Amino acid sequence: MEKRVLGKNGLEVSAIGFGCMGLSHSYGTVTERGEAIGLIRAAHDRGVTFFDTAEVYGPFTNEDVVGEALQPIRDQVVIATKFGFRNGVIADGPDSRPETIRRAVEGSLRRLRTDTIDLLYQHRVDPGVPVEDVAGTVKELIAAGKVRHFGMSEAGVESIRKAHAVQPLAALQSEYSLFWREPEKDIIPLLEELGIGFVPFSPLGKGFLTGAINEKTTFPEGDFRNKTSRFDAENRRANQAIVDLVSEIAWEKSATPAQIALAWLLARKPWIVPIPGARKLVHLEDDLGAVKVRLSERDIRTIEKRLSSITLRGARYPAAMEALVER
């Protein structure tokens with residue numbers, strides 16, 4: 001697989017990464033441990049070198065699975081994880097105090113079975129802790145050899161600038177896809193200015209852009225999409241227009257809707273690395289096939305023109321989750 005570089009310090013990763021969250025968090029069902037480990041290793045066998053997790057996924061169990069899966073090939077991969085919530089639990093609220101960061105890193109290192117975290121993100125900005133203190137703490141962890149690169153997730157322009165001035169960011173991770181384009185307003189221009197890579201999560205619109213979800217789809221108990229208005233049956237029906245668009249382009253390119261959605265992201269900037277989160281081998285292979293899909297300038301213009309006439313309905317997060325996102 002082709003490689004891309006995140007940040008000015010040369011963090012090289014596969015053009016498509018693997019978002020491991022869904023194996024044990026947010027989608028109602030937990031992938032059996034042996035199956036999850038097998039899928040992670042299958043991703044590496046197919047060229048993926050970039051794996052994303054966080055202490056809150058599970059909580060804690062996702063890091064443990066990722067650690068076991070990658071231990072035999074640790075020197076061949078880049079592992080990203082995140083800190084930033086009290087007790088490693090989202091519902092307990094943000095906590096990026098220096099002592100919490102240090103404690104979280106020690107736990108992550110143990111679960112990931114490694115001596116160094118390649119990319120450490122602040123999961124959400126903590127309004128109670130100056131971001132300069134967060135960046136300074138990570139800078140100390142980098143000097144100590146426990147972390148290689150610093151990143152942030154769903155951070156706003158001001159916080160990114162302040163943190164980057166203390167410890168340069170390799171990457172920002174935020175939601176970005178044909179289904180959610182808000183980062184184009186202010187974030188992407190800032191990242192280009194500062195030389196920071198971009199790692200979009202939910203690059204397939206939480207599964208919607210694959211065409212596998214329609215108004216009749218039911219989600220299992222515990223699946224966060226049950227609480228998200230964008231996935232109300234009425235809104236799914238209204239938003240079908242974007243799936244129709246992606247499907248049309250896919251037919252023309254002899255590709256799949258998922259591949260078109262990912263290829264569109266890859267075509268945006270050479271420093272964008274999406275991290276789709278497959279839970280089945282067939283979906284993993286479908287996602288990785290996107291690196292072979294090339295969208296022409298005409299394709300991009302067609303997509304832009306069609307998108308301009310589509311108004312997407314529904315919020316991407318429940319109010320409590322949206323409140324954690326910095327603007």
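The residues of the chain are indexed from 1 along the displayed sequence. Here the structure is a predicted model, which means the values were calculated and not measured.
When atom types are taken as modelled, the side chain of Arg230 and the backbone of Phe179 share a donor-acceptor pair closer than 3.5 angstrom. Side chain of Ser247 to main chain of Pro257: no donor-acceptor pair is present (N/O by atom type, distance under 3.5 Å, no hydrogens or angles). Listed for the Asp232 side chain is no donor-acceptor partner under 3.5 Å among the backbone atoms of Gly314. Not a single donor-acceptor pair under 3.5 Å links the side chain of Asp118 to the backbone N or O of Arg148. Judged by distance alone, with hydrogens and angles left aside, the side-chain atoms of Lys8 form no donor-acceptor pair with the main-chain N or O of Ala170 at under 3.5 Å. The closest donor-acceptor contact from the side chain of Asn214 to the backbone of Lys216 lies under 3.5 Å. Judged by distance alone, with hydrogens and angles left aside, the side-chain atoms of Arg74 form no donor-acceptor pair with the main-chain N or O of Thr114 at under 3.5 Å. The backbone N or O of Ala258 sits nowhere less than 3.5 Å from a side-chain atom of Thr210 that would complete a donor-acceptor pair.
Electrostatic pairing of Glu322 and Arg316 counts as a salt bridge here, judged by a charged N lying under 4.0 Å from a carboxylate O. In summary, Arg110 and Glu63 do not engage in a salt bridge, as defined by a charged side-chain N under 4.0 Å from a carboxylate O. Using a 4.0 Å cut-off between charged side-chain N and carboxylate O, Arg103 and Glu55 make no salt bridge. Classification of Arg294 and Asp299 as a salt-bridged pair fails, no side-chain N sitting under 4.0 Å from a carboxylate O.
Glu297 CD: 12 or fewer foreign heavy atoms inside a 6.0 Å radius. For Glu158, the CD atom is loosely surrounded, since the number of other residues' heavy atoms within 6.0 Å does not exceed 12.
Taking the six-membered ring for Trp, Tyr176 and Trp264 have ring centres closer than 6.0 Å.
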Derivation of the side chain to side chain contact (heavy atoms under 4.5 Å, CB included) call for Phe85 and Asp92: CA-CA 7 Å; Phe85 287 99; Asp92 288 354; over 6 Å; no
Please determine whether side chain to side chain contact (heavy atoms under 4.5 Å, CB included) holds for the pair Ile117 and Ser108, giving the CA-CA distance in whole Å, both sets of side-chain angles, and the decisive distance to 0.1 Å. CA-CA 8 Å; Ile117 296 167; Ser108 292; 4.0 Å; yes
Would you sort out whether Ile101 and Gln122 count as a side chain to side chain contact (heavy atoms under 4.5 Å, CB included), showing the intermediate values? CA-CA 9 Å; Ile101 297 171; Gln122 182 186 30; over 6 Å; no
Test ring pair (Phe, Tyr, Trp, His ring centres under 6.0 Å) on Phe50 and Phe18; report intermediate values, then the result. CA-CA 6 Å; Phe50 186 34; Phe18 188 102; over 10 Å; no
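Heavy-atom minimum distance, Ala54 versus His123: CB-CE1, 3.8 Å. Closest non-hydrogen pair, Ile37 versus Glu68, comes out as CD1-CD, 3.4 Å. The two residues Tyr27 and Met21 come nearest to each other via the heavy atoms CE1-CE, 3.8 Å.
You'll find the side chain of Ser177 stays beyond 4.5 Å of the side chain of Ser202, heavy atoms only. Contact check for Ile16 versus Leu266: side-chain heavy atoms found under the 4.5 Å cut-off. Within the 4.5 Å cutoff, the side chain of Gln240 has no heavy atoms near those of the Arg237 side chain.
For the pair Arg268 and Phe198, the cation-pi test (distance below 6.0 Å, angle within 45°) is failed.
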